[in-house]
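Below is one structure, written out as structure tokens; comments come after it.
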Amino acid sequence: MEISAQELASITGGTVDGDSAAVVSSFAKIEDAAPGALTFLANPKYTHYLYSTKASIALVNNRFKAEQPLPPQLTLVRVSDPYATLAHLLAYVESVKPQLKGIEQPCFIAEGVEIPQDAYIGAFAYIGAGARLGKGVKIYPHTYIGCDVVIGDGTTLHSGVKVYQGCRIGAGCIIHSGTVIGADGFGFAPTEHGYDKIPQVGIVEIEDDVEIGANSCIDRATMGKTSIGRGTKLDNLMQVAHNVSIGCHNVFAAQSGIAGSTQIGDFNMVGGQVGFAGHITVGDRNQIGAQSGIPNNVGDNRRLMGYPAVDAGKFARTQVYLKRLPELFKQK
């Protein structure tokens with residue numbers, strides 16, 4: 001699909017600085033862009049690439065001022081937020097692509113399951129009895145949908161996703177390949193003979209507009225539900241244990257793990273490889289640095305880092321002291 005600078009400005013509410021008839025047909029990073037590509041400048045660290053890029057159009061901030069001559073072929077489209085604008089443009093391009101529809105064979109669909117006309121069911125998919133699929137659902141090949149699973153409108157399950165019986169997934173969700181939703185929580189009762197399994201009879205409930213990365217595991221509750229709130233985004237290789245409750249609009253980077261029955265609020269930002277102990281409560285709008293350990297309750301609006309996690313400023317000062325330890329020992 002080709003689009004001109006003037007059309008881009010109309011779609012994004014931006015203004016053209018250069019040739020309004022310049023045309024692009026692809027997206028590219030600013031350092032790798034070729035003629036005909038649209039790129040963007042959001043991080044000031046990459047400004048120097050703008051003066052040598054081969055892209056035809058670049059999205060820049062309204063306040064951007066060139067400190068040296070720009071490439072002659074480059075047209076700028078000035079917007080209030082280049083990164084957010086790029087995200088909207090990418091979503092727009094995805095929305096106008098031809099959409100998959102219909103049922104591929106071979107696959108198994110239990111008797112009585114209704115498949116909406118605009119849905120897509122890929123080859124070798126399995127859909128169990130009592131499952132309910134919303135409009136525009138996309139089930140890619142080799143995906144397993146257990147009995148009585150509910151999936152909302154416009155949700156996409158990529159190849160190899162497994163959703164165990166009774167779980168509920170909202171509208172507009174994206175579940176990436178290899179993710180398992182609703183496997184048994186890790187519940188065992190110690191006895192003199194070993195460990196007796198505690199049946200896990202709850203479900204997983206995922207609200208609207210949630211995205212879950214590849215090879216993540218969301219365990220079903222022992223009783224009740226494990227829940228993920230609206231708009232939350234989980235990266236790859238996440239572990240969410242039984243009876244965990246995650247609120248709305250959180251973001252978790254890869255390899256983080258949340259132990260059983262922990263309650264997490266809204267709008268938290270969590271770095272990679274963060275571990276949460278079980279049966280704790282975390283509030284709203286916290287920022288937790290990568291590889292931190294959270295053993296206790298956390299309130300609201302904290303910036304934490306380290307293991308066990310402390311205020312980020314204190315952690316940074318501690319690291320400075322640690323680096324000086326060899327010098328201090330020599331002084332003794």
Side-chain angles (χ1 to χ4, degrees), residues 42-43 61 79-88 90-91 152 154-156 167-176 179 181 204-214 216-219 221 224-316:
N43 188 330
N61 190 279
V79 295
S80 59
D81 186 336
Y83 193 67
T85 299
L86 180 72
H88 289 308
L90 289 168
T155 283
T156 297
C167 294
R168 301 194 290 263
I169 301 174
C173 295
I174 302 172
I175 315 295
H176 288 281
T179 286
I181 295 171
V204 172
E205 183 176 79
I206 297 171
E207 295 184 2
D208 297 348
D209 301 318
V210 169
E211 183 162 352
I212 300 175
S216 294
C217 296
I218 318 297
D219 290 348
K225 63 185 179 182
T226 301
S227 62
I228 299 177
R230 177 188 294 269
T232 284
K233 316 298 182 186
L234 307 183
D235 200 355
N236 302 329
L237 297 166
M238 285 284 303
Q239 162 63 19
V240 179
H242 58 191
N243 290 96
V244 165
S245 174
I246 299 175
C248 299
H249 303 293
N250 297 280
V251 287
F252 289 78
Q255 298 183 348
S256 292
I258 307 168
S261 297
T262 284
Q263 314 292 302
I264 296 177
D266 304 330
F267 290 98
N268 293 288
M269 302 175 66
V270 179
Q273 296 185 333
V274 171
F276 294 83
H279 302 273
I280 63 172
T281 299
V282 176
D284 302 333
R285 300 183 185 277
N286 295 292
Q287 298 179 30
I288 301 175
Q291 295 189 327
S292 295
I294 311 297
N296 301 308
N297 295 340
V298 176
D300 300 332
N301 301 303
R302 301 283 302 279
R303 294 181 66 244
L304 301 174
M305 194 163 187
Y307 187 87
V310 296
D311 285 334
K314 181 178 181 180
F315 176 82

* Donor-acceptor contact present, side-chain Asn250 to main-chain Gly265, <3.5 Å -> yes
* Return yes if some donor-acceptor pair links the side-chain N/O of Gln239 with the main-chain N/O of Gly257 below 3.5 Å, else return no. => no
* Do Asp208 side-chain atoms and Ala171 backbone N/O form a donor-acceptor pair below 3.5 Å? -> yes
* N/O donor-acceptor pair under 3.5 Å between Asn297 side chain and Thr281 backbone -> yes
* Before giving the answer on side chain to side chain contact (heavy atoms under 4.5 Å, CB included), spell out for Asp209 and Arg230 the whole-Å C-alpha distance, their side-chain angles and the decisive distance to 0.1 Å. => CA-CA 6 Å; Asp209 301 318; Arg230 177 188 294 269; 4.0 Å; yes
* Do side-chain atoms of Asp311 reach the backbone of Arg302 as a donor and acceptor pair under 3.5 angstrom? -> no
* To do: Kindly compute the distance separating CZ (Arg303) from CD (Gln287), expressed to the nearest 0.5 Å.
  => 5.5 Å
* To do: Determine yes or no for a side-chain-to-main-chain donor-acceptor pair under 3.5 angstrom, with Asn61 supplying the side chain and Ser80 the backbone.
  => yes
* Does the Gln263 side chain pair with the main chain of Ser261, one donor and one acceptor, at a distance under 3.5 Å? -> yes
* **Distance-minimising heavy-atom pair for Ser256 and Gln273** => OG-N, 3.6 Å
* Taking all non-hydrogen atoms of both residues into account, name the closest pair between Asp266 and Asp284 and its distance. => N-OD1, 2.8 Å
* Structure fact -> Ala241 and Ala259 have their tightest heavy-atom pair at CB-C, 3.7 Å
* Asked: Does Ser292 use its side chain to pair, donor to acceptor, with the backbone of Gly306 at less than 3.5 Å?
  -> yes
* Which atoms form the tightest heavy-atom contact between Gln291 and Tyr307, and what is the distance? -> O-CB, 4.4 Å
* Asked: Between Asn268, Ile264, Ile288, which is the residue that forms a side-chain contact (heavy atoms from CB on, under 4.5 Å) with Phe252?
  -> Ile264
* Taking the side chain as C-beta and beyond, is there a heavy-atom pair between Ile294 and Val274 under 4.5 Å? -> yes
* Nearest non-hydrogen partners of Asp235 and Ala254, listed with the distance -> OD2-N, 3.0 Å
* Give, for atom CG of Leu304 and atom NZ of Lys314, the distance between the pair rounded to the nearest 0.5 Å. => 11.5 Å
* Heavy-atom side-chain contact between Ile206 and Ile212 under 4.5 Å -> yes
* Distance in Å, Asp219 CG paired with Asn243 CG, rounded so as to fall on 0.5 Å steps -> 10.0 Å
* Rounded to the nearest 0.5 Å, how far does OG1 of Thr232 lie from CD of Glu207? -> 8.5 Å
* Asked: Got Ile218 and Leu234 here, is their nearest side-chain heavy-atom distance under 4.5 Å?
  -> yes
* Asked: With a 4.5 Å limit on heavy-atom distance, are the side chains of Val270 and Phe276 in contact?
  -> yes
* Asked: Backbone N or O of Gly299 within a donor-acceptor pair of the Asn286 side chain at under 3.5 Å?
  -> yes
* **Shortest non-hydrogen contact between Cys173 and Gly170, atoms and distance** => SG-O, 3.7 Å
* Asked: Any Lys/Arg nitrogen of Lys233 or Glu211 sitting under 4.0 Å from an Asp/Glu carboxylate oxygen of the other?
  -> no
